[in-house]
Amino acid sequence: MNHAGPVSARRLRLLITISVILVFVFLIRLIDFQVVRAEAINEESYEKRAVARTIPAVRGDILDANGNILATTVYRYDINAAPAIVRPVERKIDGIDQVVSVESVAAELARILDLDVAELLPKLIGTSHYVNLKKRVDAETHRQIVDLEIPWIFADPHQDRLYPNGAVAGNLIGFVGTDGEALAGIERQFNACLAGVDGKETFEKGVDGIKIPSSTVVIQEAKPGRNVILTIDADLQYQAQQVLATEVRRLNADWATAVVIEVKTGRIVLAAEAPSVDPNDPGKSPESERGARAFQFAFEPGSTMKAITAATAIDTGYATVNTPVRAADSMRVFDHVINDSYSHPPTNWTVTGVLRFSSNVGTIKFAERVPAKTRYEYMEAFGFGKPTAVGFEGETRGVLNHYTEWDGVTNYTTMFGQALSVSPVQMASAYQVLANEGVRLNPVLVAGCQDEDGNLTAVPKSNPTQVVSASTANDVMHMLEKIVEQGGIGQATAVAGYRSGGKTGTAEIKEGTGYGQYYAASFYGMAPIDNPKYAMGVMIYKPKKVWTNSMAAAAGYQKILSQVLLANRVPPSTGKSRDLPTEWK
Amino acid sequence: MRNLNQTRARGPLVMIVVMGFLAISILHLLLTIATSQSVYELSDLKREKRELDTTSQIIAEEVASLSSQQNLLNTAAKLGMVANSNPVFLKLDDQSVLGKPKPALGTASQSRNLVANSAMIDTKPAKQEAVPASQTQPQQLPQVASVNAIPASPTR
């Protein structure tokens with residue numbers, strides 16, 4: 001016993017010493033891992049497990065003046081499979097665990113995805129971890145797939161753009177590509193408002209590459225886009241497009257546009273055209289029909305310009321509504337002959353009569369004393385020769401050459417709308433001046449950019465400008481009323497119960513160096529005359545089934561004006577038209 | 001004796017420390033369980049929100065499709081309604097009639113939708129020729145369409 005004691009004690013001390021040293025070593029190592037290099041090790045470890053992902057910002061909506069959604073963002077889903085882990089699916093059916101074969105599951109998938117099972121089944125065989133079965137299915141279909149609880153099927157969500165009303169205002173709204181890039185129209189012009197700011201998140205994945213549940217950390221929240229509010233009334237826009245589509249078919253025309261502007265605000269109530277692009281499927285329309293001709297197309301206006309010429313002559317004191325004119329049906333200007341559109345003997349017209357009978361010669365007679373410089377300045381003031389304040393992408397400025405570039409004949413032809421060109425919106429805007437006591441307001445298509453609290457930013461300014469005096473504007477408007485009241489074509493634009501005014505335009509279309517055989521027929525005017533609310537115009541391009549080109553736009557104009565007045569509950573007119581003689585003795 | 005007394009005196013203190021340690025451990029355990037439970041609840045709520053968002057989107061798309069002008073016009077045409085672009089007004093103050101009342105004949109072409117909308121699928125094509133209102137008999141209002149008959153928005 002005595003011999004064993006000291007040995008055991010020594011061994012015990014040795015054991016304790018070694019243990020203490022080992023614990024000390026481990027302690028130092030532990031402190032090194034947990035304290036000294038803890039942060040660096042954590043970061044290295046996290047970087048290996050963590051995956052960064054962009055949170056796409058939801059694009060804002062485009063709404064009409066009444067809050068109807070014209071463009072919105074929805075989620076679509078790519079349905080994918082992982083063939084490497086495809087196996088029969090275990091399901092509880094009627095409380096009993098059952099195994100559903102891959103073939104049966106494929107048949108279920110094919111039915112929901114509207115695919116041929118013979119095509120789908122081979123995709124599920126292989127060693128790949130990814131194969132796409134169908135792209136961009138809607139939420140309803142995606143939900144049906146999820147309900148099948150197939151462990152080897154997964155879906156990738158994508159944002160997609162939906163235009164619930166199809167081609168209604170499609171030419172204005174534009175469209176976005178499948179990658180979400182804005183490609184045309186308001187979508188592109190107001191991309192800064194509509195597009196939000198993408199966010200960022202990370203999640204951790206296991207060794208098998210599968211996401212660890214509840215490991216998502218949002219680094220930066222996505223900021224959704226704002227909404228763009230248009231001044232368009234979608235219902236009226238639709239009705240106008242319906243009317244135009246009908247007229248294009250009836251007249252066998254190439255296309256047609258209609259523009260209606262609210263006189264007191266400059267807001268564009270509708271800017272319709274037919275054919276019109278369906279932004280849900282822009283590829284179905286030829287490229288020429290994907291833009292907005294109301295803004296982007298310039299045409300020689302023809303006789304609708306006579307109202308502007310008359311306003312200029314009256315405002316500058318060179319003419320009045322009753323200024324006498326004696327006009328034949330043709331006249332020689334330098335080495336050119338200018339004709340009226342029909343034969344007539346020399347006639348004693350007033351300026352009112354010249355407009356009523358749309359005489360080119362008569363127009364020259366009362367307007368030739370106005371200096372070219374003055375007429376040019378007035379045309380500029382009416383908004384011709386420059387894009388409107390709408391600034392629509394690709395908007396035309398039209399052609400208004402400087403008066404110093406006008407040759408002898410051009411000086412005259414510009415009086416009745418030749419040798420210059422305008423867009424449909426420019427001309428409607430010019431008639432808004434006549435209907436608004438001579439005050440021009442910038443045409444407005446976008447009321448503003450609306451944030452989530454409803455605040456509007458980027459609100460356009462109307463910038464009122466007195467172009468002609470109120471009395472001049474009213475004089476011209478009352479002369480235009482005579483055209484609707486007495487003219488054969490004008491009467492076809494009348495809406496019962498309302499006093500309205502307007503002017504026909506039948507412009508030749510340039511082809512090469514000369515003019516072709518077809519016309520751009522238009523009618524521009526305003527209503528009601530006693531309390532003007534709307535200035536509007538309809539243009540039919542190249543109608544081929546008409547007995548007179550001037551008549552082509554009348555029916556469409558009447559139907560659209562009728563809808564606009566009715567839909568906005570405009571009270572019927574009171575009073576009678578001014579007594580304005582059309583001839584003198 | 002003195003050591004024994006000291007040890008006895010420390011006994012309650014040790015017990016307090018041990019009990020405190022145990023209490024803290026149990027509390028920590030309970031809090032950990034509660035937190036874990038909340039994480040699962042949060043996860044469930046997030047999943048539920050996703051589901052509700054999806055449901056909301058599905059319903060919103062259906063509503064948008066049903067309320068599109070094209071669908072409304074097709075529905076109106078099925079009911080025999082036609083557009084009349086010849087409004088007539090009755091002025092109450094002098095009882096005069098403004099405009100000539102005309103039946104909405106010759107406007108059948110406008111009762112057919114001519115504006116494309118590939119975001120709308122109509123399960124039944126609209127009647128090609130609408131019946132003038134004057135020729136229609138009073139009829140029972142149609143039953144509310146079943147959910148399956150709702151035109152759904154397609155993908156593109």
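Proteins get letters first, then strands, A, B, ... in listed order; numbering begins at 1 in each. Nothing here was measured: the structure is a model prediction, and the numbers come from that model.
- The parts of A/A234 that come within reach of chain B are both its backbone and its side chain, each placing non-hydrogen atoms under 4.5 angstrom from that chain.
- Taking the side chain as every heavy atom from C-beta outward, A/V168 and B/Q70 approach each other to under 4.5 Å.
- By the neighbour-count criterion of 12 heavy atoms within 6.0 Å, atom CG of A/D147 is densely surrounded, having more than that number from other residues, nucleotides or ligands.
- Heavy atoms closer than 4.5 Å to chain B are found nowhere in A/I69, neither backbone nor side chain.
- Put simply, the side chain of B/E61 never gets that close to the backbone of A/P164: no donor and acceptor are under 3.5 Å apart.
- Heavy-atom contacts from other residues, nucleotides or ligands closer than 6.0 Å to NZ of A/K134 number more than 12.
- A/Q491 CD: more than 12 foreign heavy atoms inside a 6.0 Å radius.
- Annotation: A/Q159, atom CD; neighbour count of heavy atoms from other residues, nucleotides and ligands within 6.0 Å is above 12.
- When heavy atoms are compared at a cutoff of 4.5 Å, B/Q69 approaches chain A by way of both its backbone and its side chain.
- Remark: the backbone N or O of B/I58 is not paired with any side-chain donor or acceptor of A/R143 at under 3.5 angstrom.
- Under the 3.5 Å distance criterion, the side-chain polar atoms of A/D281 are left unmatched by any main-chain donor or acceptor of B/S118.
- For the atom pair OG1 (A/T246) and CG (B/L114), the distance works out to 5.0 Å, reported to the nearest 0.5 Å.
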Chi angles and distances behind the side-chain contact (heavy atoms from CB on, under 4.5 Å) call for B/N113, A/Y238 | CA-CA 10 Å; B/N113 175 46; A/Y238 171 73; 2.8 Å; yes

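- Two residues are said to be in side-chain contact when any heavy atoms from C-beta on lie closer than 4.5 Å; B/T54 and A/E140 fail this criterion.
- Residue A/R250 does not touch chain B at all, counting heavy-atom pairs closer than 4.5 Å.
- Closest approach of A/N165 and B/S68 over heavy atoms only: OD1-CA, 3.3 Å.
- Contact check for B/D53 versus A/Y75: no side-chain heavy atoms found under the 4.5 Å cut-off.
- Contacts with chain A were tallied for B/L72, B/L42, B/T55; B/T55 has the most, counting heavy-atom pairs under 4.5 Å.
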